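This report refers to the structure that appears directly beneath it.
Keep in mind it's a predicted model, so treat the numbers as computed, not measured. Proteins come first, then strands; the chains are lettered A, B, ... in the order of their sequence lines, and each starts at number 1.
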Amino acid sequence: MPRKILVTSALPYANGPLHFGHIIEAVQTDVWVRYQRMRGHDCLYVCAEDAHGTPIMIKAKAEGTTPEALIARVAAEHRADYEGFLIGHDHFHSTHTPETQYFTNLMYERLRDAGYMTRRSVRQAYDEQAAMFLPDRFVRGTCPRCKTADQYGDSCENCGATYTPADLVDPVSTVSGTRPVWRDSEHIFFALGRFEPMLREWLASGSLQPAVQAKLAEWFEAGLQDWDISRDAPYFGFEVPDAPGKYFYVWFDAPIGYLGSFKALAAKRGLDVDAYLKPDSTAEMYHFIGKDISYFHTLFWPAVLHGAGFRRPTAVFVHGFLTVNGAKMSKSRGSFITARRYLQRLPPEPLRYYFAAKLGPGVDDIDLSLEDFTARVNSDIVGKLVNIASRCAGFIERGGGRLAAQLPDPALYAEFSGAAERIGAAFEGRDYSGAIRDIMLLADKANQYVDQHKPWTLAKDPAKADEVRAVATQGINMFRALITYLAPVLPAMAAAAGRFLGAPVGRWDDVQSPLLGTALERYEPLAVRLDPKVVATLIEAPAEAPPAKPTGAAQATKVTKVAEAAGAAAPKAAAAGASPAAPERIRIDDFTKLDLRVAKVLAAAAVEGSDKLLQLTLDLGSERRNVFSGIRSAYRPEDLVGRFVVMIANLEPRKMRFGVSEGMVLCASARDDAGGIFLLSADAGVQPGMKVS
RNA sequence: GGAAAGGUAGCUCAGCCGGUUAGAGCACGGCACUCAUAAUGCCGGGGUCGAGGGUUCGAGUCCCUCCCUUUCCA
């Protein structure tokens with residue numbers, strides 16, 4: 001009996017491009033959906049543009065356009081990127097639509113009438129010049145705990161402290177640059193705490209992964225707070241029906257956007273919305289999300305649904321974060337890879353395969369290692385999988401173009417067809433990495449089979465033509481089983497394979513009856529190898545020397561990391577094998593010979609008669625030093641005054657043409673300074689003269 | 001600061017409820033083969049399973065402490 005399933009992945013926000021973090025989630029969802037469809041289930045996949053909120057409003061203003069125009073433009077880009085990665089949404093909508101507004105108002109009114117909405121006054125930062133209340137992220141200032149400058153209004157990136165904008169030292173509005181004032185305003189709150197028993201029961205039903213359950217337990221422990229779902233005008237969103245000048249907070253209507261998108265789809269296809277959304281619905285509803293938004297999806301969302309008389313999600317599937325080459329995606333490291341950047345260089349399926357090969361059912365983070373990506377795809381897909389078809393196709397073609405009437409080794413084929421349930425269960429349970437391990441083991445087995453039976457040797461004896469065809473038929477059928485199992489991951493390749501086989505690859509159960517006696521089409525290569533040189537260009541070399549942007553965590557990096565970051569300027573050169581002579585090892589006492597000190601730049605000036613040098617006057621706490629430094633190409637003297645640098649304080653003074661240099665300032669750079677020169681410095685709070693060790 | 005996940009061969013990872021000489025793929029070395037996109041097959045080298053304690057007849061697998069990495073925190 002086919003299941004009725006509604007699936008969503010998280011809504012991309014309409015103020016930036018899709019990046020690999022979005023793509024891995026879309027791939028995870030899409031693979032699951034395609035698998036369900038291959039099993040004959042009625043599985044719908046909807047998504048939408050998350051269109052509301054202050055950031056959209058401000059970005060539109062900055063671009064001199066309207067939020068609607070901005071959303072339309074970004075949504076079109078997002079849609080194209082999703083399509084580029086073969087993400088098969090049944091419908092891609094927007095939250096700024098009548099459908100979403102309909103559900104938003106309906107839910108609000110029902111929750112209000114049931115007594116779950118309360119009002120009370122809130123004191124909030126207000127920008128008098130821009131005439132608007134400021135979200136926490138739009139107030140910046142100095143962390144009250146560690147004194148790091150220029151931190152967001154809700155938490156410190158450096159020390160991790162959490163606080164409110166009012167706690168900041170020297171708060172500044174990022175909208176106008178002025179100092180905010182504090183004003184009171186009435187807000188609407190959703191009484192989340194009253195749903196605790198329901199939520200506990202819901203989570204006990206086994207809808208969530210163990211790690212997510214643990215997180216929820218922690219939140220229950222801390223106590224569920226009322227949730228402020230309103231914002232003051234000006235705000236881009238839906239106005240609250242019974243509160244003029246108040247708008248629904250973007251996070252209130254974002255998940256409702258799932259239902260809005262579904263409603264639009266239902267209208268298009270004549271589906272019964274109620275059958276999916278009523279409290280006792282037998283349809284299943286799943287949300288694929290990243291772990292950062294599990295609070296909204298595992299607490300607010302089920303509570304809002306339940307309180308408003310709708311069904312709750314069957315389950316929420318939470319995945320971990322994507323890291324690139326072992327570290328968080330970062331713009332400054334160039335590892336912030338957009339969907340567009342990838343698609344301009346490479347086809348989508350290798351990445352779908354690689355993500356699938358690494359995705360498990362848990363919330364663990366997933367690392368994209370570019371070298372591993374290339375090796376894995378070339379070896380698994382081209383070397384193993386496609387090779388089976390490629391090496392067998394010729395024998396069939398030369399032998400008349402038709403498959404044999406029966407399999408020479410039914411027992412071996414049974415191993416392949418018998419894996420269907422095991423591999424299917426892995427897909428169902430989102431253990432794609434397990435499924436792919438299984439599939440590749442079978443691919444090895446298929447290649448071994450061909451090797452053992454040596455059709456190329458048999459083919460030399462015309463009397464053995466039937467035997468040759470039989471072996472190739474066995475091989476082709478094993479290939480067919482494997483590409484069927486991989487079809488959720490590689491839909492385009494599966495379609496191409498279907499054309500070659502003369503029988504579409506579409507249903508999971510097709511594998512149970514081998515393809516016999518039928519004609520094959522001419523074999524065309526189903527995949528090409530990835531060029532490591534092209535793959536390496538996914539990582540962007542940092543463009544120019546960063547214009548003095550030294551704040552917070554970015555600056556707290558260890559010296560080794562800085563060196564690495566600079567090394568990345570020559571993209572992957574080191575990884576490509578150009579290993580520079582490894583430096584000799586030293587002992588700790590060699591290191592302690594260095595007297596590294598933090599110094600403050602008191603004065604800086606270009607040196608007359610030199611293209612490279614700046615003359616620095618440094619405060620070492622107890623003394624001042626005069627140092628010449630070859631950083632003129634990367635720093636303007638006036639930008640340096642007041643900042644902290646690291647210097648070698650016990651370097652032999654050196655007489656130069658322009659004077660005596662009494663030390664050396666530490667910088668990171670590529671060997672030829674090609675990617676720029678980067679001064680090392682210390683976090684806020686450091687004092688001149690402090691020793692570095 | 002709180003929390004979660006992870007630390008197993010050069011790389012990416014698998015090792016279920018503790019039990020024979022710790023596995024796979026890639027990479028590397030050798031051999032074979034030539035049907036296949038220098039693809040494939042066979043053989044081989046390579047691991048003090050992060051560190052230190054503990055429980056046990058026996059621990060990569062359980063407990064404690066510490067170190068490191070990544071990530072999350074309405």
Test side chain to side chain contact (heavy atoms under 4.5 Å, CB included) applied to A/Leu168 and A/Cys143, step by step: CA-CA 6 Å; A/Leu168 286 175; A/Cys143 169; 5.6 Å; no
Whole-Å P distance, B/G44 and B/C49: 23 Å
Nucleotide B/A27, atom C1' - distance to CG of A/Asp380 in whole Å: 14 Å
Pair listing, side-chain hydrogen bond (donor to acceptor under 3.5 Å, both in side chains) test, anchored in residues 374-386 of chain A, at least two apart: A/Tyr353-A/Asp380, A/Arg376-A/Asp380, A/Lys384-A/Asp444
Per-nucleotide protein contact string for nucleotides 8-13 of chain B (B base, S sugar-phosphate only, - none; heavy atom under 4.0 Å): ----SS
Integer angstrom distance from the C1' of B/G45 to that of B/G29: 7 Å
Per-nucleotide protein contact string for nucleotides 31-39 of chain B, where B marks a base within reach and S marks sugar-phosphate only (heavy atoms under 4.0 Å, - for neither): --SSBBB-S
Other residues, nucleotides, ligands: >12 heavy atoms within 6.0 Å of A/Lys454 NZ: yes
RNA chain B stem ranges, 3 or more consecutive Watson-Crick or G-U pairs under 3.5 angstrom: B:1-7 with B:67-73, B:10-13 with B:23-26, B:28-32 with B:40-44, B:50-54 with B:62-66
Salt bridge (charged side-chain N to carboxylate O under 4.0 Å, His left out): pairs with one or both residues in residues 295-308 of chain A, sequence neighbours excluded: none
Touch class at under 4.0 angstrom, heavy-atom based, for A/Asn378 against every strand present: nothing
Distance in angstrom units between A/Trp219 CH2 and B/C73 P, rounded: 9 Å
Value in whole Å for how far the C1' atom of B/G25 lies from CG of A/Leu441: 9 Å
Distance test, side-chain N/O of A/Gln448 to OP1/OP2 of B/C42, below 4.0 Å: yes
Any side-chain donor near an acceptor of the partner, A/His287 and A/Trp301, under 3.5 Å: yes
4.5 Å side-chain heavy-atom contact, A/Gln474 and A/Tyr413: yes
Interatomic distance where NZ belongs to A/Lys291 and C1' belongs to B/G6 [whole Å]: 10 Å
Side-chain donor-acceptor contact under 3.5 Å, A/Ser185 with A/Lys246: yes
Touch class at under 4.0 angstrom, heavy-atom based, for A/Ala214 against every strand present: nothing
Nearest-angstrom distance from the residue atom CG of A/Leu216 to C1' of B/A4: 13 Å
Taking distance alone, no hydrogens or angles, what donor-acceptor pairs closer than 3.5 Å link side-chain atoms of residues 386-399 of chain A to residues at least two apart or in another chain?
unit_1, atom_1, unit_2, atom_2, d
A/Asn387, ND2, A/Asn447, OD1, 3.2
A/Arg391, NH1, A/Asn447, O, 3.4
A/Arg391, NH1, A/Asn447, OD1, 2.9
A/Arg391, NH2, A/Asp451, OD1, 2.9
A/Glu397, OE2, A/Arg522, NH1, 2.9

Touch class at under 4.0 angstrom, heavy-atom based, for A/Gly21 against every strand present: nothing
